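For reference, the structure discussed in these notes is given below.
Each chain gets a letter, A, B and so on, in the order the sequences are listed, and its residues count up from 1. Since we're looking at a predicted model, the values are computed, not measured.
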2 protein chains.
Amino acid sequence: MTEGWERRLRDQGFRITPQRQLVLEAVEHLRHGTPEEILVEVQRTASGVNLSTIYRTLEVLEDVGLVTHAHIGHGPPTYHAVDEHTHIHLVCDRCKAVQSVPASRAAGFVDALEAEFGFRTDISHVSVHGLCADCKDRSFEPEPDDPL
Amino acid sequence: MTEGWERRLRDQGFRITPQRQLVLEAVEHLRHGTPEEILVEVQRTASGVNLSTIYRTLEVLEDVGLVTHAHIGHGPPTYHAVDEHTHIHLVCDRCKAVQSVPASRAAGFVDALEAEFGFRTDISHVSVHGLCADCKDRSFEPEPDDPL
DNA sequence: TGTCTGCTGCAAAAGGTTCGCAGCGATGTC
DNA sequence: GACATCGCTGCGAACCTTTTGCAGCAGACA
């Protein structure tokens, strides 16, 4: 688990609680998790934890820079720990598979946006949608009903 | 307004209704519109139109390829007509301003994803988040409460 | 050990989207 | 032009995710 997370919280005036530790562990374990998924993971250890606590905790952990979230389209946001390398999510609109790609692959694009429009991109915040290699070749087949 | 929209609908077995015409006009007029904003625009002409009709109509119009939607983060999706040039939305996380950039600016990035991962990107579907030129320079000031 | 105040669980509210249903009206036919 | 069909709409309720208010609990510090 991210070392120094306790300091991170305490330094900003937050308290250390079991719930916060469990949420952080869950996020790191899941790598990509929606609040609901994080709740389930946390409840494997502490069944009494409430969903609203998950939301409030994620907000706090994001405040102190221990986690971030990204949007992958219609669904709820997914959270992940910040100690991992920054990455981009490639979301397949057909099979819903999520693939992670180093953010460095977008460096040229990001630099161009900054140079041309003065826009400083947070590339990891929103996912890239499209068709994955597998689905691209199968696009004539009927869509799966609910691949999740 | 997009010519041939009636044919587009009829060919797929859909009916032509005033509501569908108004929604399409609203989307084209607004350029970027959430369902709620589209409702308001439509109601300037026909006050009786219901929000659920907006949702259902947008779904139909998207089915036949007359509109598409994109996600700009937390909020609801925004719809736009497909006859415009494909573009990317740059969303400022601070002032919420949305800037449109030709999708061609991402060509290199898109091509790289296809070459390296076989991923065919629909670059316009999800917005790019970050800080616009103005906010980048003012990032030490307090955030505006609600810039909308 | 005790006090203070932040944090949590619970329940209700809020916001956005979907659904069921009855009636209306666009379409094709006569 | 009138008629029958069934797709579309308006309405209200349901749903799902996220937020909020509140009372009680518990972490931090003395």
Acceptor/donor pairs from residues 11-19 of chain B side chains to any protein atom, 3.5 angstrom cut, sequence neighbours excluded:
from: B:Asp11; atom 1: OD2; to: B:Arg7; atom 2: NH2; distance (Å): 2.9
from: B:Thr17; atom 1: OG1; to: B:Arg20; atom 2: N; distance (Å): 3.2

Send over the distance from B:Arg20 CZ to D:dG10 P, rounded to a whole Å.
11 Å

To the nearest 10 degrees, the angle between the two end axes of the helix from C:dT1-D:dA30 to C:dC30-D:dG1 (five pairs per end) comes to 40°

Checking side-chain hydrogen bond (donor to acceptor under 3.5 Å, both in side chains) between A:His32 and each of A:Glu37, A:His80, A:His89, which is the one that passes?
A:His89

Got a list of protein N/O to nucleotides 27-29 of chain C N/O distances below 3.5 Å?
from: C:dT27; atom 1: OP1; to: B:Arg10; atom 2: NH1; distance (Å): 3.2
from: C:dT27; atom 1: OP1; to: B:Ile16; atom 2: N; distance (Å): 3.0

B:Gln19 side chain near C:dG25 phosphate (N/O to OP1/OP2, under 4.0 Å):
no

B:Phe109: partners by ring pair (Phe, Tyr, Trp, His ring centres under 6.0 Å), with sequence neighbours left out
A:Phe109

Which residues satisfy the side chain to side chain contact (heavy atoms under 4.5 Å, CB included) test with A:Ala107, sequence neighbours excluded?
none

Non-neighbouring partners of A:Glu114 that pass side chain to side chain contact (heavy atoms under 4.5 Å, CB included), sequence neighbours left out
A:Arg120, B:Lys136

Rounded distance in Å - CD (B:Glu62) to P (C:dT17)
13 Å

Between CZ of A:Arg7 and C1' of D:dA28 the distance, given in whole Å, is 16 Å

In this structure, how many angstroms lie between the P atom of D:dT17 and the CG atom of A:Leu51, rounded?
9 Å

Candidate list A:Thr68, A:Val82, A:Val27, A:Val67, test side-chain contact (heavy atoms from CB on, under 4.5 Å), partner A:Leu61, passing option:
A:Val67

A:His129 side chain to B:His71 side chain, donor-acceptor N/O pair below 3.5 angstrom:
no

Does any pair with a residue in residues 38-56 of chain A pass salt bridge (Lys or Arg N to Asp or Glu O under 4.0 Å), and if so which ones, sequence neighbours excluded?
A:Glu41-A:Arg44

Close residues, residues 36-46 of chain A, relative to DNA chain C [heavy-atom separation under 4.0 Å]
none

Apply ring pair (Phe, Tyr, Trp, His ring centres under 6.0 Å) to A:Phe119 and list each qualifying residue two or more places apart in sequence or on a separate chain.
none

Contacts under 3.5 Å, N or O only, protein and nucleotides 10-12 of chain C:
from: C:dC10; atom 1: N4; to: A:Ser52; atom 2: OG; distance (Å): 3.3

Grab the CD-P distance between A:Glu59 and D:dT19 for me, whole Å please.
7 Å

Which residue pairs pass the salt bridge (Lys or Arg N to Asp or Glu O under 4.0 Å) test when at least one of the two sits in residues 97-113 of chain B, sequence neighbours left out?
A:Glu116-B:Arg105

With sequence neighbours left out, which residue pairs that include part of residues 58-69 of chain B fulfil the salt bridge (Lys or Arg N to Asp or Glu O under 4.0 Å) condition?
none

